[in-house]
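Each residue takes its place number in the sequence, starting with 1.
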Amino acid sequence: MNNTTEVDTERIVYVTEDGEPTGETAPKLAAHHENTRLHLAFSCYLFRSSDQALLITSRAASKKVWPRVWTNSVCGHPAPGEPLEEAVRRRAAFELGLPRLAGLRCVLPAYRYRTPPFEGVVENEFCPVFVAWVDDDPEPHPDEVGDWRWLSWNDYSLLLNDDVTDVSYWAKDQFSQLKDVEPFSALQNDTSVRDNGAEPSST
């Protein structure tokens, strides 16, 4: 499936403040604007099995919502009626070329956020947060991901506070809730990661 087809046909699911579907859906791109309604999404953190490195990605410049910012591994929206776990696996395969996720589980089932405007678009999501493990480097779709790298959790925490590198609102917001939750809490002092040599660039 090419990216244009997926973008043109993908629909988001509107939900209540408790994350319950209202029965309404809307085209994904048209639904994101300065008054975006609350809708269902997911966010996922992928760790490398060999050394517990975190995969972070830079959103492609062509994306409508928060382009060119560094963020966690993969985010997306379930299709109407699609279980969240299946949506995570679908988007990890499509965006990152990583169809095999080990140990996928939800760590923040009721995470909710609303961003300030970024280039005229507000993101507004009920967004359960997942974690999983992979064995391979990503082979990302260029329309979704502009860059990527592996980081230790400690280096990731430093990146979130970097005044030079643009990082997504939700990545920063999720950190305070994730840092005391397994497996994240066990990674606080792990600095043994061998990254891929890429340096996050200012965007």
*Output, in order, the C-alpha distance, side-chain angles, deciding distance and verdict of salt bridge (Lys or Arg N to Asp or Glu O under 4.0 Å) for Arg37 and Glu24.*
CA-CA 11 Å; Arg37 285 178 57 187; Glu24 302 169 275; 2.9 Å; yes

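- Heavy-atom minimum distance, Ala186 versus Glu182: CB-OE1, 3.7 Å.
- Taking the ring centroids of His39 and Phe126, they lie at or beyond the 6.0 Å cut-off.
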*Step by step, would you call Leu29 with Glu10 a side chain to side chain contact (heavy atoms under 4.5 Å, CB included)?*
CA-CA 8 Å; Leu29 286 183; Glu10 191 171 358; over 6 Å; no

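- How far OG of Ser157 is from NZ of Lys179: 10.5 Å, rounded to the nearest 0.5 Å.
- Distance alone, capped at 3.5 Å, is enough to place a donor-acceptor pair between the Arg89 side chain and the Leu101 backbone.
- Around atom CD of Glu139, no more than 12 heavy atoms belonging to other residues, nucleotides or ligands sit under 6.0 Å away.
- Closest approach of Asp147 to Val145, counting heavy atoms only: O-CG1, 3.1 Å.
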*Under the side chain to side chain contact (heavy atoms under 4.5 Å, CB included) criterion, do Asp137 and Arg48 qualify, and how do the steps go?*
CA-CA 8 Å; Asp137 284 344; Arg48 188 164 55 187; 4.1 Å; yes

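- When atom types are taken as modelled, the side chain of Lys63 and the backbone of Asp143 share no donor-acceptor pair closer than 3.5 angstrom.
- Atom CD1 of Ile56 is separated from atom CH2 of Trp70 by 5.0 Å, given to the nearest 0.5 angstrom.
- Looking at every heavy atom in both residues, Cys44 comes nearest to Ala132 through SG-N, 4.4 Å.
- Side-chain heavy atoms closer than 4.5 Å link hydrophobic residues (I, L, V, M, F, W, Y) into clusters, and following such links, even through other members, never connects Ile12 to Val121.
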*Please assess Phe42 against Tyr111 for the test ring pair (Phe, Tyr, Trp, His ring centres under 6.0 Å), listing each intermediate value before the final yes or no.*
CA-CA 9 Å; Phe42 71 82; Tyr111 176 69; over 10 Å; no

*For the pair Arg90 and Glu82, evaluate salt bridge (Lys or Arg N to Asp or Glu O under 4.0 Å) and give the outcome as yes or no after the intermediate values.*
CA-CA 10 Å; Arg90 173 175 59 84; Glu82 181 183 30; 2.9 Å; yes

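- A single hydrophobic cluster is not seen to contain both Leu38 and Tyr14; linkage of ILVMFWY side chains at heavy-atom distances under 4.5 Å, directly or through other members, places them apart.
- Taking the six-membered ring where the residue is Trp, His77 and His32 present perpendicular rings, their angle passing 60° and hence far from 30°.
- Side-chain N or O atoms of Arg59 include one that pairs as donor or acceptor with a backbone N or O of Val65 at under 3.5 Å.
- At a threshold of 4.5 Å between non-hydrogen side-chain atoms, the residues Phe184 and Val131 count as touching.
- Without hydrogens or angle criteria, Thr36 side chain to Asn124 main chain gives no donor-acceptor distance under 3.5 Å.
- Between Tyr113 and Trp170, the ring-plane angle classifies as tilted under the 30° and 60° cut-offs.
- When the side chains of ILVMFWY residues are joined at heavy-atom separations under 4.5 Å, either directly or via intervening members, Val122 and Trp66 end up in two distinct hydrophobic clusters.
- Atom CG in Leu55 sits 11.0 Å away from atom OH in Tyr156 (nearest 0.5 Å).
- Here the CH2 atom belonging to Trp153 is positioned 5.5 Å from the CG atom belonging to Leu178, to the nearest 0.5 angstrom.
- The side-chain heavy atoms of Val167 and Leu159, taken from C-beta on, include a pair separated by under 4.5 Å.
- Ion pair Glu144/Arg91 flagged as a salt bridge, since at least one NZ, NE, NH1 or NH2 atom sits closer than 4.0 Å to an Asp/Glu carboxylate oxygen.
- Side-chain atoms of Asp135 and Ser49 include a donor-acceptor pair closer than 3.5 Å.
- With hydrogens and angles disregarded, no donor-acceptor distance shorter than 3.5 Å links the side chain of Thr71 to the backbone of Ala171.
- The backbone N or O of Ala53 lies less than 3.5 Å from a partner atom in the side chain of Asp51, making a donor-acceptor pair.
- In the hydrophobic cluster analysis, where Ile, Leu, Val, Met, Phe, Trp and Tyr join through side-chain heavy atoms closer than 4.5 angstrom, Val69 is grouped apart from Leu158.
- How far OG of Ser58 is from CZ of Arg68: 9.0 Å, rounded to the nearest 0.5 Å.
- Placement of Leu187 and Leu108 within a single hydrophobic cluster is found when ILVMFWY residues are connected by side-chain heavy-atom separations under 4.5 Å, directly or transitively.
- Contact between Arg112 and Asp173 at its shortest, heavy atoms only, is O-OD2, 4.5 Å.
- Of the possible polar contacts, one joining the Ser73 side chain to the Leu46 backbone as a donor-acceptor pair under 3.5 Å is found.
- Proximity of a side-chain donor or acceptor of Thr57 to a complementary backbone N or O of Asn72 within less than 3.5 Å is detected.
- Atoms CD and CD, from Glu119 and Glu34 in turn, are 14.0 Å apart once rounded to the nearest 0.5 Å.
- Between Leu54 and Tyr45 the shortest side-chain heavy-atom distance falls below 4.5 Å.
- Nearest heavy-atom pair, Ala41 versus Pro128, reported as atom, atom and distance to 0.1 Å: O-CD, 3.2 Å.
- When side chains are defined from C-beta on, Phe130 does not count as touching Arg105, because their heavy atoms never get closer than 4.5 Å.
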